[in-house]
Number of protein chains: 2
Amino acid sequence: MKRVKTENRKEEIINISSKLFKEKGYSAVSMRDIAQAMGIKAASLYNHITSKQEILSIIILDVAEKFTRGMDRIVESEDNAIDKLEKIIELHVNVTVNNADALGSLNNDWMHLVEPQLSYFLKLRSQYEENFRQIVKLGVDEGHLEPLNVEVMLFSILSTLRTLYLWYYKKEGVDTAELVVQMKTVLLRGVVLKP
Amino acid sequence: MKRVKTENRKEEIINISSKLFKEKGYSAVSMRDIAQAMGIKAASLYNHITSKQEILSIIILDVAEKFTRGMDRIVESEDNAIDKLEKIIELHVNVTVNNADALGSLNNDWMHLVEPQLSYFLKLRSQYEENFRQIVKLGVDEGHLEPLNVEVMLFSILSTLRTLYLWYYKKEGVDTAELVVQMKTVLLRGVVLKP
DNA sequence: TTCATAAACTAACAATTGTTAGTTTTGAGC
DNA sequence: GCTCAAAACTAACAATTGTTAGTTTATGAA
């Protein structure tokens with residue numbers, strides 16, 4: 001079955017590239033670097049992909065769409081704001097644990113996308129942030145969240161979730177469920193002991 | 001006074017480079033890009049700096065040392081853990097507001113430093129994190145912080161502070177003092193309304 | 001005006017970049 | 001063992017990279 005083999009090889013290129021991009025950034029990784037990590041020559045990569053740019057856009061858009069689909073599910077649910085926020089935290093932990101390398105490019109290499117993928121990515125990102133913002137606003141209106149500045153609440157929580165890929169493994173023997181519990185507490189209830 | 005003029009020109013190069021590196025990353029910015037933004041030719045840059053690498057290490061190490069000096073002051077103080085955490089938040093907001101562009105390289109381009117600057121940077125960073133960790137531990141031991149996982153508390157707070165440069169300006173008419181107050185509340189007390 | 005030097009310039013370099021063209025090797029199904 | 005396509009290879013390309021050498025221009029002090 002050749003078709004399957006090709007797709008496997010393409011996925012290998014995407015996975016290895018994700019790792020390299022995460023370590024040094026898209027621009028600092030050459031096609032020869034990727035090829036060497038695969039144990040082949042640079043020109044051979046083009047049997048499986050059309051360009052370096054294609055590798056980047058697959059890495060970024062695949063994981064961006066995972067976040068979008070997860071958020072859409074949460075928005076459509078009947079939960080109150082706090083339950084929705086907890087589900088967003090679960091979403092980020094799960095996507096991070098399963099796609100840790102891709103998150104490097106998602107966070108730091110998106111600006112090297114070209115059109116039309118760049119505009120598409122920016123649209124997904126701003127829609128994601130807007131959905132998040134409305135949930136925070138809802139929480140304030142419901143009286144479940146403190147009446148603080150919405151942007152500060154939104155980006156404080158989102159920043160931690162977005163950079164989770166950089167440090168989650170430092171909890172040795174990462175227990176995903178336990179990490180979710182801890183993060184819900186820290187991000188939503190705070191760290192200061194209540195009297 | 002020629003000496004002063006040269007230093008001014010060098011600072012201009014550093015500042016313009018910080019902006020460009022923040023937008024596209026160190027590797028994607030060429031010496032010709034920097035020169036064009038200065039209105040001169042690439043070769044002329046070398047009247048003021050010795051290499052592209054020198055630009056990067058000045059940008060990163062200057063701001064890294066600001067964080068280190070700020071943290072050292074906090075560690076030496078007589079405050080309890082919560083006051084120390086509040087001072088760390090103040091430190092980050094102040095350094096961010098005054099060095100917003102440099103923080104891009106600090107976060108995303110440090111791996112392009114060469115030795116011995118790379119090792120020096122990594123030493124500063126791990127010392128900073130260790131100081132932060134000890135303050136969190138102290139808070140737990142004092143009974144002022146929730147007895148949660150220390151790494152999760154540490155990196156949740158630190159992640160938000162480190163990426164503040166990406167979003168602080170979204171609060172239109174950024175009032176630094178107000179931002180400090182909001183962040184102390186969100187990061188330490190949480191967003192969920194207490195009964 | 002003269003002079004010194006800071007700071008710009010032009011021209012070039014060797015290395016590296018992403019990519020293409022054309023060729024050979026590999027391996028599964030007959 | 002033959003066939004054929006997938007997937008590797010070699011060789012080369014034009015463009016861009018950081019940097020150097022040597023030269024000209026601009027400016028402030030004498």
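Residue numbers begin at 1 in each chain, while the letters A, B, ... track the order of the sequences. Just so it is clear, the structure is predicted and the values come from calculations on it, not from any experiment.
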Rounding to a whole Å, what distance do you find between [X]:[atom1] and [N]:[atom2]?
X: A:Lys52; N: C:dT20; atom1: NZ; atom2: C1'; answer: 17 Å
X: A:Arg9; N: D:dA8; atom1: CZ; atom2: C1'; answer: 9 Å
X: A:Ile40; N: D:dT10; atom1: CD1; atom2: C1'; answer: 14 Å
X: A:Met31; N: D:dC9; atom1: CE; atom2: C1'; answer: 16 Å
X: A:Ile13; N: C:dT19; atom1: CD1; atom2: P; answer: 13 Å
X: B:Tyr46; N: D:dA21; atom1: OH; atom2: P; answer: 13 Å
X: A:Gln36; N: C:dT16; atom1: CD; atom2: P; answer: 13 Å
X: A:Asp33; N: C:dT17; atom1: CG; atom2: P; answer: 6 Å

Counting only side-chain nitrogens and oxygens, does [X] get under 4.0 Å of the OP1 or OP2 atom of [N]?
X: B:Ser44; N: C:dC9; answer: yes
X: A:Arg32; N: C:dT19; answer: no
X: B:His48; N: C:dA6; answer: no
X: A:Lys41; N: D:dA8; answer: no

Toward the 5' end of DNA chain C, by each residue's nearest nucleotide, A:Ala43 or A:Ala28 = A:Ala28
May I ask you to test the [X]-[Y] pair for a side-chain heavy-atom distance under 4.5 Å?
X: B:His112; Y: B:Asp109; value: yes
X: B:Ser159; Y: A:Trp167; value: yes
X: B:Ile49; Y: B:Ile58; value: no

key: Estimated bend of the helix from C:dT1-D:dA30 to C:dC30-D:dG1 (axis per five terminal pairs, rounded to 10 degrees)   = 10°
ask   = Which atom names give the shortest non-hydrogen contact between B:Met153 and B:Glu146, and what distance separates them?
value = CE-O, 3.7 Å
Where B:Glu54 and B:Thr50 come nearest, the two heavy atoms and their spacing = OE1-N, 2.7 Å
request  = Can you establish whether the number of heavy atoms outside B:Lys87 located under 6.0 Å from its atom NZ is more than 12?
outcome  = no
message = Quick check on DNA chain D: between B:Ile49 and A:Ala42, whose nearest nucleotide comes earlier from the 5' end?
response = A:Ala42
task = Determine, for A:Tyr46 and A:Lys52, whether the Lys NZ or Arg CZ falls below 6.0 Å from the six-membered ring centre while staying within 45 degrees of the axis.
result = no
query = Hey, does the side-chain of A:Asn47 have a donor or acceptor N/O within less than 3.5 Å of a partner on the base of D:dA8?
reply = yes
